[in-house]
Number of protein chains: 2
Amino acid sequence: MQRKTVQREAIQEVFRNSEHPLRLEDILAQGRLLVPTLNRATVYRNLKLLVEIGWLAQVQHPSLGTIYERADLAHHHHFHCNSCDRIYELPGCVLNAAATPEGFIVQEHEIFLSGLCPACVQPAP
Amino acid sequence: MQRKTVQREAIQEVFRNSEHPLRLEDILAQGRLLVPTLNRATVYRNLKLLVEIGWLAQVQHPSLGTIYERADLAHHHHFHCNSCDRIYELPGCVLNAAATPEGFIVQEHEIFLSGLCPACVQPAP
DNA sequence: GTGCTGATGAGATTGCATTTGCAATAGCAT
DNA sequence: ATGCTATTGCAAATGCAATCTCATCAGCAC
């Protein structure tokens, strides 16, 4: 049966502490703060497992590659900041239902925005 | 200087004859109908060149990888049919401006829909 | 037609994300 | 504490898209 390991716990903890979807390198770096010997292969193995059991969801981002996020999130989309490189989850859906195409049946959709996040927009002095 | 070659002409012809964005394999297969010896490396070289001169645009699709389309198209998004595997260009923008996030500056956006295209939706008998 | 050189074809090569093999380690039921 | 075996770390191996090498071919100016 499946065992509880400090490595897997660390990976889950990283997600619990993060408000952002994460790339493999993010997970590895933050996980190593908890378990310094944490290995890349171990992260891949656990991500795969966590996706299989439905705890994580895997998303293919067009410019960032594979990203991971908690599977229990409400419907949302992703914003990538071109300045600080963070990924944000945008609650709700910016898809305009009225504009969905005639004759097509939409089963899934992905929306990726990019630009500047509030933290990177210079506030006026 | 740059020469006119049957290979490059064939690749451009494939795009002129297509209403869909194309993957490398599509371009290669359709191009070989015009120039049977057409080589994968040649296609890559010409795609790169056509993107550089602004004749083609390159798009990263989250599930299909790199796709190419004419650069002179109006703003649009992409629909991937899960049944016939074709990619469609959807005129207009289904992005709901009212729902764009507070405090974020959106510089680019990509919307990918998938589902069933009209040709794959069974018509009632 | 000739010569220069940009372009091609074929295969080898790279770069990168992800996976795998295996010996060593560590959960956990007993 | 002991034994079974899932899990880990490490390095090597994969898979794949994209790129490069280089000998040969083919535009095109002359």
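Bear in mind the structure is a predicted one, so any value in this text is a computation, not a measurement. Excluded from the calculations below are hydrogen atoms, water molecules and symmetry mates; all remaining heavy atoms, backbone and side chain alike, are included. Letters A, B, ... are given to chains in the order of the sequence lines, protein chains preceding strands, and every chain is numbered from 1.
- When the C1' atom of D:dA17 is taken as reference, atom NE2 of B:H61 falls 17 Å away, rounded to whole Å.
- Within the structure, every side-chain polar atom (N or O) of A:Y44 is placed at least 4.0 Å from both OP1 and OP2 of C:dT19.
- Proximity of B:N39 to the phosphate of C:dA7: no side-chain N or O atom is located under 4.0 Å from OP1 or OP2.
- For A:Y88 and B:F104, the ring centers sit closer than 6.0 Å to each other.
- Remark: the A:R40 side chain and the C:dT18 base include no donor-acceptor N/O pair separated by less than 3.5 Å.
- Atom-to-atom, CG of B:L47 to C1' of D:dT19 comes out at 13 Å; the value is rounded to the nearest Å.
- The separation between A:I11 atom CD1 and D:dT7 atom C1' is 11 Å, rounded to whole Å.
- For the pair B:E9 CD and C:dG6 P, the interatomic distance rounds to 19 Å; values are reported in whole Å.
- A side chain to side chain contact (heavy atoms under 4.5 Å, CB included) with A:H78 holds for exactly one of A:V59, A:L90, A:L64, A:L113; it is A:V59.
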Exercise for review: Starting from the C-alpha separation in whole Å, work towards a yes-or-no answer on ring pair (Phe, Tyr, Trp, His ring centres under 6.0 Å) for A:F112 and A:H77.
Suggested key: CA-CA 6 Å; A:F112 301 100; A:H77 294 297; 7.9 Å; no
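- Salt bridge present: A:D85 and A:R23 bring a charged side-chain N and a carboxylate O closer than 4.0 Å.
- When the P atom of C:dT19 is taken as reference, atom CD of A:E52 falls 10 Å away, rounded to whole Å.
- Remark on DNA chain D: of its neighbouring residues B:K4 and A:Q2, the 5'-side contact belongs to A:Q2, judged by nearest-heavy-atom nucleotide.
- The nearest whole Å value for the distance from the CD atom in B:Q12 to the P atom in C:dA7 is 13 Å.
- Where A:T5 and B:K48 meet DNA chain D, the nucleotide closest to each residue was compared, and A:T5 sits on the side nearer the 5' end.
- Note: CD (B:E25) to C1' (D:dC16) measures 11 Å, nearest angstrom.
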Exercise for review: Go through the steps for B:E25 and B:R40 under the test salt bridge (charged side-chain N to carboxylate O under 4.0 Å, His left out), then give the verdict.
Suggested key: CA-CA 9 Å; B:E25 293 304 323; B:R40 179 176 263 93; 2.4 Å; yes
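- Here the nucleotide nearest the side chain of B:R3, chosen from D:dC28, C:dT18, C:dG9, is D:dC28.
- Contacts of A:L38 with the nucleic acid, taken as non-hydrogen atoms under 4.0 Å apart, involve only primed sugar atoms and P, OP1 or OP2.
- OP1 or OP2 of C:dG9 has at least one side-chain nitrogen or oxygen of B:Q7 nearer than 4.0 Å.
- Between B:R8 and A:R45, the residue anchored nearer the 5' end of DNA chain C, judged by the nucleotide with its closest heavy atom, is B:R8.
- Separating the CD atom of A:Q60 from the P atom of D:dC16 is a distance of 15 Å, rounded to the nearest angstrom.
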